[in-house]
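A short write-up of the structure that comes next.
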Amino acid sequence: MKELVEVIAKALVDHPDEVVVTEKEDARSIVLELSVASEDMGKVIGKQGRIAKAIRTVVKSAASKDDKKVIVDILQ
């Protein structure tokens with residue numbers, strides 16, 4: 001999951017070298033924290049959060065076979 005979020009985010013931003021994804025996993029869920037450069041924040045979130053929602057949807061679909069809840073947090 002971490003790699004998937006990283007690939008998607010790097011394709012969206014102007015500074016792909018500043019994309020950092022950290023993964024925290026427990027028994028029932030996986031939390032992915034996405035951090036990008038401050039000037040790229042709008043590109044990752046999108047108008048009214050549409051791009052962020054799309055990223056979360058893709059990751060949830062990819063994780064559906066693992067029976068774990070995946071949470072994508074976008075950090076500033």
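Keep in mind that the numbers below use all heavy atoms, side chains included, and drop hydrogens, waters and symmetry copies.
The salt bridge (charged side-chain N to carboxylate O under 4.0 Å, His left out) contacts involving residues 14-38 comprise D14-K43, K24-E33, E25-K68, where partners must be two or more places apart or lie in separate chains. Residues in residues 4-13 take part in these salt bridge (charged side-chain N to carboxylate O under 4.0 Å, His left out) pairs, two or more places apart or across chains: E6-K10. Evaluation of the salt bridge (charged side-chain N to carboxylate O under 4.0 Å, His left out) test over residues 53-62, restricted to residues two or more places apart or in two chains, returns none.
To the nearest 0.5 angstrom, D73 atom CG is 11.5 Å from S35 atom OG.
By the 4.5 Å side-chain criterion applied to Ile, Leu, Val, Met, Phe, Trp and Tyr, I71 is assigned to a cluster that also includes V31. Chaining together hydrophobic side chains whose heavy atoms lie under 4.5 Å apart places I8 alongside M1, L4, V5, L12, V13, V19, V21, I30, L32, L34, V36, M41, V44, I45, I51, I55, V58, V59, V70, V72, I74.
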